[in-house]
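Here is the structure we will look at.
In what follows, chains are A, B, ... by sequence order, proteins preceding strands, each numbered from 1.
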Amino acid sequence: MNYPFKKIEKKWQEYWLKNKTFKAEQFSERDKFYILDMFPYPSGAGLHVGHPLGYIASDIIARYKRNKGFNVLHPQGYDSFGLPTEQYAIQTGQHPAVTTEENIKRYRYQLDRMGFSFDWDREIRTSDPGYYKWTQWIFSLLFNSWYDTKSDRARSIKELSEFLEKNGTKKLYAYTNEDYDEISSKTWLSSDEKFKQEFILKFRLAYLSDSYVNWCPGLGTVLANDEVVNGLSERGGYPVEIKKMKQWKLRVSSYAQRLLNGLEEIDWPEPLKEMQKNWIGQSHGARVKFKIKGSKNLIEVFTTRPDTIYGVTFLTLAPEHKLVKDLTTKSNLGNVSQYISKIAKKNEKERLKDVGEISGVFTGTYAIHPFTNKKIPIWISEYVLVEYGTGAIMGVPCGDQRDHDFAKFFKIPITNIFKGVDVSTFAYTEKETFNLINSGFLNGLGFNKAFNKAVESLENINAGKNTITYKIRDAVFSRQRYWGEPIPIYYKNDLPYLIPKENYPVKLPEITKYLPTEDGHPPLGNSKTWAWDTLNKKIVDNKKIDFLNIFPIEKNTMPGWAGSSWYFNRYMDPNNDEFFVDKSALDYWKDVDIYIGGTEHSTGHLIYSRFYQYFLYDLGYVPSQNFAKKMINQGMILGESAIIYKSKKNKNFVSAGIADKNDSIPLHVDIKLVNEKNQLNINEFKNWQEQFKNVKFELENGKFFVDREIEKMSKSKFNVVNPDQICDDYGADTLRMYEMFLGPLEQSKPWNTAGITGVYNFLNKFWRLFHDDKKFCVYEKPSSIESLKILHKTIKKVNSDIDSFSLNTSVSAFMIAVNELSKQNCKNRDVLEPLVILLSPFAPHICEELWFLLGNQSSVSSCNYPIADEKYLINNIKNYPISFNGKMRFNLEISIDLNEDEIKKIVLNDKRTNKYLGNNKPKKIIVVINKIVNIVY
RNA sequence: GCUCGAGUGGUGGAAUUGGUAGACACGUUGGACUUAAAAUCCAAUGAGCAGCAAUGUUCGUGCGGGUUCAAGUCCCGCCUCGAGUACCA
């Protein structure tokens, strides 16, 4: 007999919803516990079995913490702005809001079926105007802030203007990665509005700038660095080009050092921290200024090896470097412009492909070495990146392999500066052991001393300084899309100004076409009345005349991560219309205790969120610098997909064993059409898609085989397993426990239903424990010591497992307990009742039902979690050390209630003792009171 | 190339962090119940050798060394797979 999971699950899901069982108290005397999942993007495909893995783990912990007496905040919501919905809108004309609503309904249905204990009263959606009102507000704060490098925090722009009025740029410690001219307070005060605004823009944390961005023509929008994978867009896989465009950016780079340092303070997985470290990419070095022969300009380069300054034999500029034009001599102009236009035509993918190929061109101009005054040729090459460092490098062929290759290729001399090293074929890149030669005042020094002395001397002649450079770039914040938050900016004389706060949310206009306008503006330009509706009356004096032309409004929208970078704060007070979160709520909930999600967001969402949180902390809006104290990365659940081969020659489908794989196109087929022996059901395949109706097959011994591959679950690979199916067949509790049983949470693993019957059998067995021939049956009399021991051992194990997130081993512990209790035919309340509570975080539906059958009125989620009673844990078997001639050899399991003679007998009979002693009879065996056994022979 | 992570039965995976490797589950085989099947229950199950048998014995945690009374676990050198990153000066 199987337990009636369908009936039970429906009953309790309705009960929880009706009674708001999992509502978090807004304020409480109890300790808070905030456990959060990364909220999903509600795509049209619905959830697959991979999505719930993290949700199940967090739900188990949430329920466990509730039973432990914490006031638990366990919310869920939707990251509902995004590209796929918009693409769908472009194709069908359906409003993205409608599609989003439908998708969310489906997600909610699927989530509810799995019995998650989310507090749905706190649901948030990033596309909800009541939410993005505050996303816009945070943008306004970023726009109105700059980074003070002296006090190391963000401050308001007002303070910056005041400073400039008073002091000009003298002793201004403000972060910027743009050039500016020093000015006095006098000049500042006499400057016009346009100059001031443009100047201040160089310091704003949200700023507009002409820069090289990843332009994706396929999607018609720009993308941030983390949204580009291998030169293709992360969404859709379209080619990406580098293009110079005026775009909104966030000055994330100003926080580089704090983002790096902060990693020490948070309990996040090491691999993830490592990835963030690499992404931030700190490197210590120096900026060195080179004078140019016949020019007043200076070239500034960044190097991590100022110690090799005497090995410089050329300088190289990035093709986009701003001095390229000035430095190119007339006779070289032809070559240079040809080279530059060739580089400019390349898209990101071609550029990646050419990495390693050497190319470059000579400008005809020479720089002057700061110490030797020798002439150094200035080159241009694409291996120097304009966005990193200063966009220029000093070429030291003896100490850097790329410089070495470049010098050799263009026959530039290679000067050796390392004693006793041959640099004719390879550069010498070791830092640890060398002595410098041919290096003037650095001769005889090693790396550290030479580094410091070189920097010092450069500083003395005002030709360089110590610098730390980071790889992390400012994040492009504009998207030429419809389905995102409007950026609350309007323009006056081409200068950006904030739309005043009172107008937030700046709502998306209603439009019918989601494509860009004909003159190339983003889709928001399709609305003629939007700007007026948005800015009404507050900016212009009641005059609608030619409004759009006088005060154009920003038509770009924000990227997907704008809404997701602060949502964890909003859950604390999700319906507040007065403020992004009430201060009292922030003071109580503070930060996320455990954040669960995948590593795929390590360089996107998780960096931006940390940046937002630091920023809000600097302005005093949030109490914690780090938004999540602890993070767990759940592994991906992979799907098994089937690959079929289509011959390039005759377009036939060829069985996998005989297919020429170099000469055929591999295609994904629905894994459901393939049996366990990798045989394809040809008839079903023909009916599967219209295009395959009349194709021909080349069989292998009369059969047709496909290859299998384990890969990420995705609709396009036809390998998606839907959790609804599992819920139908086995129930939600089985699905929950099985996903945990599959292996360690952090590990990626292929989905395989082979073992699911094991978990299902366990739950049935558990159910039978409370039943006698279909009738509920539990004894009131006390149970045996053996049963109590099993119970308490399990309680201890499960508690410590959940505390260490080892949820797979606790499932095993439950299986062992139930097996043993069934064997003992234990049906006593004193054992079964605690066991129900113990299991309830894992299998909540069945436990609620049994809890109810046991005669309890309230939900099992509101009672105390059992604590192991030490008295039952005293194991009668314990490991005791055995020593031979006083030296420890091994541990032996001995019953604690045995007397000395019995212990001696066991020791002598143990095979390891025998092995060790051989034929030597022991002279004496000493059993010390605390049961250390000494054998003397 | 660089930076992480991982390699344990037919399979997913345990192993108190240096202490009798293979818990738990799947699968397989055999048995009980049944007219039969399903379900359930019981037993066996790393490999080899010896034995009718209980049992004994050798080899076994990717490969090769090392430390230790004792290594899946620690150290050195490789191999393979996975993830991230990529002309970062």
### Query
Contact class for A:Leu742 vs. all strands (heavy atom < 4.0 Å): base, sugar-phosphate, or nothing?
sugar-phosphate
### Query
Does B:rU28 pair with anything, Watson-Crick or G-U wobble, both distances under 3.5 Å, and if so, with which nucleotide?
B:rA44
### N-O pairing of A:Lys346 and A:Glu382 below 4.0 Å
yes
### Task
Answer yes or no: does a side-chain N or O of A:Tyr383 lie under 4.0 Å from OP1 or OP2 of B:rA89?
no
### Task
May I ask which nucleotide in the shown strands pairs with B:rG60, Watson-Crick or G-U wobble, both distances under 3.5 Å?
none
### Task
From the options B:rA83, B:rC26, B:rU85, select the nucleotide whose nearest atom is closest to the side chain of A:Thr603.
B:rU85
### Query
At under 4.0 Å between heavy atoms, what does A:Pro744 touch on the DNA or RNA strands: base, sugar-phosphate, or nothing?
sugar-phosphate
### Query
Among B:rA14, B:rA89, B:rC24, which nucleotide sits nearest the side chain of A:Met815?
B:rC24
### Message
Counting only heavy atoms from other residues, nucleotides and ligands, does the tally under 6.0 Å from NZ of A:Lys749 exceed 12?
### Response
yes
### Message
If you compare every side-chain N and O of A:Thr599 against the phosphate oxygens of B:rA83 (OP1, OP2), does one of them come in below 4.0 Å?
### Response
no
### Message
I'd like the C1' distance from B:rU61 over to B:rA50, given in whole Å.
### Response
27 Å
### Task
Determine the interplanar angle of the A:Tyr3 and A:Trp767 rings, folded into 0 to 90°, and report it as parallel if under 30°, tilted if 30 to 60°, perpendicular if over 60°.
tilted
### Message
Please report the distance, rounded to the nearest Å, between CZ in A:Phe290 and C1' in B:rA89.
### Response
12 Å
### Task
Can you figure out which of B:rA25, B:rA14, B:rA89 approaches the side chain of A:Phe741 most closely?
B:rA25
### Summary
With syn meaning chi within 90° of zero and anything else anti, the base of B:rG9 is syn
### Task
Describe the nucleic acid contact of A:Arg473 in one word from base, sugar-phosphate, nothing, applying a heavy-atom distance below 4.0 Å.
base
### Task
Using the P atom on both, measure B:rG9 against B:rG64 and round to a whole Å.
15 Å
### Task
Send over the distance from A:Met275 CE to B:rC2 P, rounded to a whole Å.
19 Å
### Query
B:rU40: syn or anti, with syn meaning chi within 90° of zero?
anti
### Query
Between A:Trp279 and A:Lys471, which has a closest nucleotide on RNA chain B that is more 5'?
A:Trp279
### Task
Report yes if a side-chain nitrogen or oxygen of A:Asn633 is closer than 4.0 Å to either non-bridging phosphate oxygen (OP1 or OP2) of B:rA83; otherwise report no.
no
### Message
For the C1' atoms, the ones on B:rU57 and on B:rU20, what distance do you get once it is rounded to whole angstrom?
### Response
16 Å
### Side chain of A:Thr304 (C-beta onward), nearest among B:rC24, B:rA89, B:rG13
B:rA89
### Message
So if I apply the ring-ring contact (aromatic ring centres under 6.0 Å, His included) rule between A:Tyr738 and each of A:Tyr760, A:Tyr730, A:Trp751, which one comes out positive?
### Response
A:Trp751
### Task
State whether A:Asn2 places a side-chain N or O below 4.0 Å from either non-bridging phosphate oxygen (OP1 or OP2) of B:rA39.
no
### Task
State which residue, out of A:Phe314, A:Phe406, A:Phe409, fulfils the ring-ring contact (aromatic ring centres under 6.0 Å, His included) condition with A:Trp379.
A:Phe406
#### Entry: Nearest-angstrom distance, C1' atom, B:rA14 to B:rU73
14 Å
### Query
Picking from B:rA23, B:rA89, B:rG13, which would you name as closest to the side chain of A:Ile816?
B:rA23
### Message
Taking only the P atom of each, what is the distance from B:rA43 to B:rC59 in whole angstrom?
### Response
31 Å
### Task
Rounded to the nearest angstrom, tell me the gap between atom CD in A:Glu274 and atom P in B:rA86.
15 Å
### Task
In whole angstrom, give me the gap between the P atoms of B:rG19 and B:rA70.
14 Å
### Task
Please state how far atom CG in A:Leu807 lies from atom P in B:rA14, giving the value in whole angstrom units.
12 Å
### Task
Could you tell me whether the phosphate oxygens of B:rU40, OP1 or OP2, come under 4.0 Å of any side-chain nitrogen or oxygen in A:Asn764?
no
### Message
Base, sugar-phosphate or nothing for A:Lys765? Non-hydrogen atoms, less than 4.0 Å.
### Response
sugar-phosphate
### Query
Taking the side chain of A:Pro271 as its heavy atoms from C-beta onward, which of B:rC26, B:rC4, B:rG84 lies nearest to it?
B:rC4
### Under 3.5 Å donor-acceptor, A:Asp772 side chain and A:Cys777 backbone
no
### Nearest-angstrom distance, P atom, B:rC63 to B:rA54
31 Å
### Task
For nucleotides B:rG84 and B:rU45, find the distance between their P atoms and express it as a whole number of Å.
43 Å
### Query
Between A:Gln747 and B:rA6, is there a side-chain N or O to OP1/OP2 distance below 4.0 Å?
no
### Message
When both hydrogen-bonding distances must be under 3.5 Å and the geometry is Watson-Crick or G-U wobble, what is B:rC52 paired with, if anything?
### Response
none
### Query
Does B:rC69 have a Watson-Crick or wobble partner in any strand here, with both distances under 3.5 angstrom, and which is it?
B:rG19
### Task
Would you check if there is a donor-acceptor pair between the side chains of A:Thr809 and A:Ser806 at a distance under 3.5 Å?
yes
### Query
Judged by modelled atom types alone, do A:Gln282 and A:Gln257 share a side-chain donor-acceptor pair under 3.5 Å?
yes
### Message
Just N and O in the side chain of A:Asn819: are any of them under 4.0 Å from OP1 or OP2 of B:rA25?
### Response
yes
### Message
Mind checking if A:Glu382 touches a base, just sugar-phosphate, or nothing, with heavy atoms under 4.0 Å?
### Response
base
## Note on the structure
Walking RNA chain B from its 5' end, the first of A:Val811 and A:Gly389 to be reached, judged by nearest nucleotide, is A:Val811
### Task
Taking atom types as modelled, find out whether A:Asn633 and A:Thr599 have a side-chain donor-acceptor pair closer than 3.5 angstrom.
no
### Query
If we call it a pair only when both distances are under 3.5 Å in a Watson-Crick or G-U wobble match, what pairs with B:rG5?
B:rC81
### Task
Using both distances under 3.5 Å as the test, list the Watson-Crick or G-U wobble partner of B:rA86, or none.
none
### Query
Expressed in angstrom and rounded to an integer, what is the separation of A:Met737 atom CE from B:rA25 atom C1'?
12 Å
### Query
How long is the line joining OH of A:Tyr738 and P of B:rC24, in whole Å?
18 Å
### Query
Base, sugar-phosphate, or nothing: which does A:Asn752 touch, judged by heavy atoms less than 4.0 Å apart?
nothing
### Task
Could you tell me whether the phosphate oxygens of B:rC41, OP1 or OP2, come under 4.0 Å of any side-chain nitrogen or oxygen in A:Arg768?
yes
